[in-house]
Amino acid sequence: MIGRKTSPGFLVLLALGFLLASYNLITMSVHYKAPKGSWLAERAGKTNSKYHVAVTATDAPYSQWQCRIMYYWYKKVKDLPGSDMGSFTRVLHSGTPDNLMKEIPTFIVDPLPEGLDRGYVVLNRPWAFVQWLEKANIEEEYILMAEPDHIFVKPLPNLAHGKNPAGFPFFYIKPADHEKIIRKFYPEENGPVTNIDPIGNSPVIIEKTLLEEIAPTWVNISLRMKDDPTTDKTFGWVLEMYAYAVASALHGVRHTLRKDFMLQPPWDLEVGRNFIIHYTYGCDYTMKGELTYGKIGEWRFDKRTYLNGPPPRNLSLPPPGVPETVVRLVKMVNEATANIPDWGES
């Protein structure tokens, strides 16, 4: 699927319009959590509401090989018991078709006007969602916002309930620790900073109509944060995550915080009941199975090793003593690459 072009002028008008609208919101929020054994935890996964899996991506080789692995595992678990997965879309914000159009369902949107992201490519994510939500025909009532470096460990139920989306709590997203900065974008009349969830936009399962309301504000806050030198320096590569958290709070939205949404090797040691592996961190170990994080190990798996092309098939497994999460990750990468046609040939 290919979306129509959007002019830079429209983007400017959109940003200005939502800049004025964002701060007129009156927020009333209730924060839900799902402790073990609670009625909300019991309801999780028992909804019949399908969600659409959406991953924003570029046409760079680094993004492409991760999307191929992700899509392989989506297809493997989509129709298994316990799944509420609907359709899948790679929202390609490079503006033109690439060589994966026939392999992965893709919707093309425009990148931000040249120079606006100032080298921070993730700034295109909220703008991509605005365009996709406006132009695409999305049958499901819910959206899972995912990333290329997500692997589905098992079928993922719909963890959201009506106007209560589900998100993953990141230990490094701490709005209260940056209140002076946050108040530039979330004024005191909107309520305490604790109204802002410690999340990013991914993974999040959210009602489509709710995301349609939040996404333009998310674009606006992202651009304003990037334009503020102090905010940009403080938040760095997680700026867009803070922008989504703030935008949600401006709309009075609180997320059910689900730690079982995903795990992150090498810090999480057991797969347990988690649904997604997020392999954003490098995994470096000695041959004795000792973690050497920050130092290249005798054995390693780091996605950044493969910036210019995909990893080879049949990667070596970790040495004895390495956590099961790392072993599972490499085995899942190996299975995907062994079964994806023409792996590494383009």
Side-chain angles (χ1 to χ4, degrees), residues 34 41 44-57 62-91 100 103-106 125 138 140 142-160 165-170 199-206 255-281 283 301 303 310-311 315 323-341 343:
K46 295 183 180 179
T47 176
N48 292 321
S49 298
K50 295 286 186 180
Y51 60 83
H52 193 110
V53 180
V55 55
T56 55
Y62 179 63
S63 177
Q64 287 184 324
W65 69 256
Q66 293 175 59
C67 286
R68 297 183 81 190
I69 291 174
M70 181 194 182
Y71 186 56
Y72 171 86
W73 283 104
Y74 157 81
K75 291 188 294 182
K76 285 274 288 189
V77 305
K78 174 183 181 292
D79 295 321
L80 295 179
S83 170
D84 283 323
M85 292 177 168
S87 301
F88 184 104
T89 298
R90 180 180 62 132
V91 185
L100 296 183
E103 180 178 334
I104 304 175
T106 299
R125 182 177 294 152
I138 307 165
E140 295 85 356
Y142 292 84
I143 307 292
L144 165 63
M145 293 188 284
E147 296 183 13
D149 59 354
H150 287 176
I151 292 179
F152 295 105
V153 180
K154 60 182 180 180
L156 176 62
N158 187 343
L159 304 177
F168 176 80
F170 289 91
I199 60 170
N201 84 289
S202 176
V204 163
I205 299 178
I206 186 170
H255 295 69
T256 300
L257 303 180
R258 295 292 299 248
K259 290 185 178 181
D260 60 346
F261 214 147
M262 72 179 187
L263 59 90
Q264 302 185 98
W267 309 118
D268 293 307
L269 306 181
E270 298 179 353
V271 175
R273 302 177 64 181
N274 296 284
F275 297 102
I276 293 172
I277 290 179
H278 182 212
Y279 56 99
T280 189
Y281 297 105
C283 301
F301 176 77
K303 66 176 185 177
L315 293 169
E324 67 164 306
T325 54
V326 180
V327 177
R328 183 73 169 273
L329 167 61
V330 177
K331 286 183 176 180
M332 295 185 81
V333 169
N334 281 345
E335 179 180 330
T337 60
N339 288 282
I340 296 174
W343 183 261

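Remember, it's a predicted structure, so these values are computed and weren't measured experimentally.
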**Fill in**
Smallest heavy-atom separation, F275 atom then P155 atom, equals CD2-O, 3.3 Å
**Asked** What is the minimum heavy-atom distance between V333 and I69, and which atoms define it?
**Response** CG1-CD1, 4.0 Å
**Message:** Quick check for you: to the nearest 0.5 Å, what is the distance between T325 atom OG1 and I277 atom CD1?
**Reply:** 7.0 Å
**Prompt:** Side chain of D268, backbone of E270: donor and acceptor closer than 3.5 Å?
**Reply:** no
**Item:** Side chain to side chain, L156 and L144, heavy atoms closer than 4.5 Å
**Value:** yes
**Request:** List the atom of S49, the atom of D84, and the distance in Å for their closest heavy-atom pair.
**Result:** O-CB, 3.7 Å
**Item:** More than 12 heavy atoms from other groups under 6.0 Å of NZ on K75
**Value:** yes
**Fill in**
Nearest heavy-atom approach of P203 to M262 is CD-SD, 3.6 Å
**Item:** Residue pair F301 / L329, side-chain heavy-atom distance below 4.5 Å
**Value:** yes
**Request:** Compare every heavy atom of A54 with every heavy atom of V91, then report the nearest pair and how far apart it is.
**Result:** CG2-CB, 4.5 Å
**Side chains of Y279 and Q264, donor plus acceptor under 3.5 Å** = no
**Message:** I want to check something: taking the side chain as every heavy atom from C-beta on, are R258 and L159 in contact at a cut-off of under 4.5 Å?
**Reply:** yes
**Request:** Would you please test T56 and M145 for side chain to side chain contact (heavy atoms under 4.5 Å, CB included) and show each step?
**Result:** CA-CA 8 Å; T56 55; M145 293 188 284; over 6 Å; no
**Message:** Classify the ring geometry of Y74 against F88: parallel below 30°, tilted from 30° to 60°, perpendicular beyond 60°.
**Reply:** tilted
**Asked** Can you find a pair of side-chain heavy atoms, one from E324 and one from L269, that are under 4.5 Å apart?
**Response** no
**Asked** Taking it one step at a time, do M85 and K50 satisfy side chain to side chain contact (heavy atoms under 4.5 Å, CB included)?
**Response** CA-CA 6 Å; M85 292 177 168; K50 295 286 186 180; over 6 Å; no
**Item:** Aromatic plane relationship, H278 with H150 - under 30° parallel, 30 to 60° tilted, over 60° perpendicular
**Value:** perpendicular
**Request:** Could you tell me the separation between the CZ atom of R68 and the CD1 atom of I104, rounded to the nearest 0.5 Å?
**Result:** 7.0 Å
**Item:** Heavy-atom side-chain contact between P265 and Y281 under 4.5 Å
**Value:** no
**Complete:** When rounded to the nearest 0.5 Å, the distance separating CD1 of I276 from OG of S202 is 7.0 Å
**Request:** Check for a donor-acceptor pair, side chain of D260 on one end and backbone N or O of N274 on the other, with a separation under 3.5 Å.
**Result:** no
**Request:** Kindly compute the distance separating OG1 (T89) from CD (E140), expressed to the nearest 0.5 Å.
**Result:** 8.0 Å
**Prompt:** Do the side chain of K154 and the main chain of L80 share a donor and acceptor less than 3.5 angstrom apart?
**Reply:** no
**Prompt:** With a cut-off of under 6.0 Å to the ring centre and 45° to the axis, is K76 in cation-pi contact with F152?
**Reply:** no
**Flag side-chain contact, heavy atom, 4.5 Å: Y62 against P310** = no
**Fill in**
Rounded to the nearest 0.5 angstrom, the CE-CE distance for M332 and M70 is 11.5 Å
**Prompt:** What are the two closest non-hydrogen atoms of L100 and T106, and how far apart are they?
**Reply:** O-OG1, 4.4 Å
**Asked** Is there a side-chain contact between W73 and I151, using heavy atoms and a 4.5 Å cut-off?
**Response** yes
**Complete:** dist I205:CD1 -> F168:CZ (nearest 0.5 Å) comes out at 13.5 Å
**E147 and R125, any side-chain heavy atoms less than 4.5 Å apart** = yes
